[in-house]
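Okay, so here's the structure we're looking at.
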Amino acid sequence: MSPDTDTRPPADAALTAERPGTFVAVVGPSGAGKDTLLAMAAEALANEPNVIFARRIVTRDAMAELEDHAVMSRADFAEAENSGAFCLSWHAHGLAYGLPAGLDDALSCGKTVVANISRRTLADAAARFARLAIVEITAPKAVLVARVAARGRETPDEVAARIARQVELEVPARAEAFHRIMNDGAAREGCERLVAILMASPRRAG
Ligand SMILES: Nc1ncnc2c1ncn2[C@@H]1O[C@H](COP(=O)(O)OP(=O)(O)O)[C@@H](O)[C@H]1O
Ligand SMILES: O=P(O)(O)OC[C@H]1O[C@H](OP(=O)(O)OP(=O)(O)O)[C@H](O)[C@@H]1O
């Protein structure tokens, strides 16, 4: 599927009836601005009850100015994962990430749920959620390098590993929409695109 050129009807009507909300997966390389645009969009949509911004659980100390996530030890994360506390979980950059299982309730109420996930988790997301839309946020390589280095969250070795990470974006056949935001201008412009996409994503009426 090419970005923004095509949308598909949901493939499985039974699943759709059960969980009619859309899960919006925000993906893209390190430094593209996923957390930045998500934080700005969350602020812009603070009074929009039908759009839920997922709070991730990560085995990393939070830098509040970048992303408000919950922190868990590796042992607690593994226990939570085994007990079904996450609707989606994955490992990357030597860290473990999870999304709370309670998001299923928001989806079953017809809400749009938006989350920053791994490109490698898209197939799991397509299997788990009835309706999946994908927003790829990206920027030219030189911009990514400069941003990750300037962000100051990782050590120089970790910065190099993030920049070197190669991940193909494969859009699952079940995805209903695929958008790309080239975030190489003002963050405000990227935020406006993201907000427009989220407001247009299908929701159950009422
Ligand atoms: N449009 C933009 N213009 C300038 N700087 C940006 C823009 N978007 C993000 N940044 C900065 O780039 C860095 C990486 O952004 P971040 O949101 O952490 O990216 P990601 O979550 O995709 O890794 C942050 O320091 C952020 O402030
Ligand atoms: O498989 P990938 O698509 O490369 O994604 C790997 C991880 O990177 C991002 O996390 P995080 O926000 O910690 O990293 P980032 O801010 O550097 O993108 C993303 O949400 C995944 O958890």
Side-chain angles (χ1 to χ4, degrees), residues 3 23-44 53-72 74 77 81 86-100 103 113-126 128-129 132-172 175 178-197:
F23 182 87
V24 181
V26 172
V27 296
S30 278
K34 300 181 296 296
D35 286 331
T36 301
L37 299 193
L38 280 167
M40 292 173 76
E43 204 177 319
F53 289 81
R55 189 163 185 256
R56 302 193 295 186
I57 296 100
V58 187
T59 57
R60 157 180 77 202
D61 288 344
M63 282 178 77
E65 69 278 15
L66 285 174
E67 186 206 359
D68 173 30
H69 64 254
V71 180
M72 242 185 211
R74 285 173 181 282
F77 189 98
E81 196 170 32
F86 303 135
C87 60
L88 214 55
S89 59
W90 64 97
H91 293 76
H93 308 310
L95 301 167
Y97 300 78
L99 296 180
L103 293 173
V113 170
V114 53
N116 176 359
I117 71 169
S118 165
R119 290 164 286 187
R120 290 191 174 141
T121 310
L122 287 173
D124 288 349
R128 171 82 191 206
F129 304 118
L132 172 68
I134 297 168
V135 179
E136 180 191 25
I137 297 178
T138 192
K141 182 78 181 239
V143 173
L144 300 176
V145 173
R147 283 186 188 161
V148 177
R151 180 168 63 185
R153 192 180 64 189
E154 289 86 17
T155 64
D157 283 353
E158 288 169 344
V159 167
R162 275 175 193 250
I163 294 303
R165 185 176 170 87
Q166 301 276 353
V167 180
E168 283 299 313
L169 175 53
E170 287 182 29
V171 177
F178 173 38
H179 308 273
R180 180 177 294 137
I181 297 175
M182 178 54 74
N183 181 35
D184 59 353
R188 179 183 42 78
E189 291 168 21
C191 169
E192 283 169 5
R193 282 258 353 254
L194 181 56
V195 166
I197 290 165

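Just follow the structure's listing: the first ligand is 1, and inside any ligand the first atom is 1.
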Among [options], which one puts a heavy atom closest to [atom]?
atom: atom 24 (C) of ligand 1; options: T36, V26, T138; value: T36
atom: atom 3 (O) of ligand 2; options: H91, R119, K34; value: R119
atom: atom 18 (O) of ligand 1; options: E189, M40, K34, R151; value: R151
atom: atom 8 (O) of ligand 2; options: Q166, R162, E136, H93; value: H93

*Report yes if E154 has an N/O atom closer than 3.5 Å to an N/O atom of ligand 2; otherwise report no.*
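Between E154 and ligand 2 (N or O atoms, distance only) the closest approach is not under 3.5 Å.
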With a 4.5 Å cut-off on side-chain heavy atoms, are [Y] and [X] touching?
X: I134; Y: V171; value: yes
X: R60; Y: M72; value: no
X: H69; Y: N116; value: no
X: L169; Y: L122; value: yes

*asked:* Would you say the ring centers of F77 and Y97 fall short of 6.0 Å from each other?
replied: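 Here the rings of Y97 and F77 have centres that are no less than 6.0 Å from each other.
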May I ask you to decide if [Y]'s main-chain N or O and [X]'s side chain share a donor-acceptor pair within less than 3.5 Å?
X: R193; Y: R180; value: yes
X: T155; Y: E158; value: yes
X: R147; Y: A32; value: yes
X: K34; Y: G28; value: yes

Please state which part of [X] comes within less than 4.0 Å of ligand 2, counting heavy atoms only: side chain, backbone, both or neither.
X: R147; result: neither
X: V167; result: side chain
X: S118; result: both

I need the atoms of ligand 2 closer than 4.0 Å to a non-hydrogen atom of [X], numbered in the order shown.
X: W90; value: 21 (C), 22 (O)
X: N116; value: 12 (O), 19 (C), 20 (O)
X: R56; value: 10 (O), 11 (P), 12 (O), 13 (O), 19 (C), 20 (O), 22 (O)
X: I117; value: 19 (C), 20 (O)
X: A92; value: 6 (C), 7 (C)
X: Y97; value: 10 (O), 11 (P), 13 (O), 22 (O)
X: R60; value: 13 (O)

*For R162 and E154, what are the C-alpha separation, side-chain angles and deciding distance, and is it a salt bridge (Lys or Arg N to Asp or Glu O under 4.0 Å)?*
CA-CA 9 Å; R162 275 175 193 250; E154 289 86 17; 3.4 Å; yes
Under 4.0 Å, counting heavy atoms only: does [X] come that close to any atom of ligand 1?
X: G152; value: no
X: A39; value: no
X: G28; value: no
X: G31; value: yes

*Would you say R153 touches ligand 2, if touching means a heavy atom closer than 4.0 Å?*
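Yes, R153 has a heavy atom closer than 4.0 Å to ligand 2.
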*Looking at ligand 2, does D35 have a heavy atom less than 4.0 Å from it?*
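Yes, D35 has heavy atoms under 4.0 Å from ligand 2.
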Could you list the atoms of ligand 1 found under 4.0 angstrom from a heavy atom of [X]?
X: P29; answer: 22 (O)
X: S30; answer: 23 (O)
X: D35; answer: 17 (O), 21 (O)
X: A186; answer: 1 (N)

*asked:* With side-chain contact (heavy atoms from CB on, under 4.5 Å) as the criterion, how do I137 and V26 come out once you've worked through the C-alpha distance, each side chain's angles and the decisive distance to 0.1 Å?
replied: CA-CA 7 Å; I137 297 178; V26 172; 3.6 Å; yes
*Given the rule in the side-chain contact (heavy atoms from CB on, under 4.5 Å) test, do T138 and M182 qualify, once you have shown the distances and angles that lead to the verdict?*
CA-CA 5 Å; T138 192; M182 178 54 74; 3.8 Å; yes
*Applying side-chain contact (heavy atoms from CB on, under 4.5 Å), run through V148 and R151 and close with a yes or a no.*
CA-CA 5 Å; V148 177; R151 180 168 63 185; 4.0 Å; yes
*Check each of V113, T121, I117 against L99 using the side chain to side chain contact (heavy atoms under 4.5 Å, CB included) test, and report the only one that passes.*
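Checked V113, T121, I117 against L99; only one passes side chain to side chain contact (heavy atoms under 4.5 Å, CB included): I117.
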*Tell me, with the steps shown, if F178 and E136 meet side-chain contact (heavy atoms from CB on, under 4.5 Å).*
CA-CA 8 Å; F178 173 38; E136 180 191 25; 3.9 Å; yes
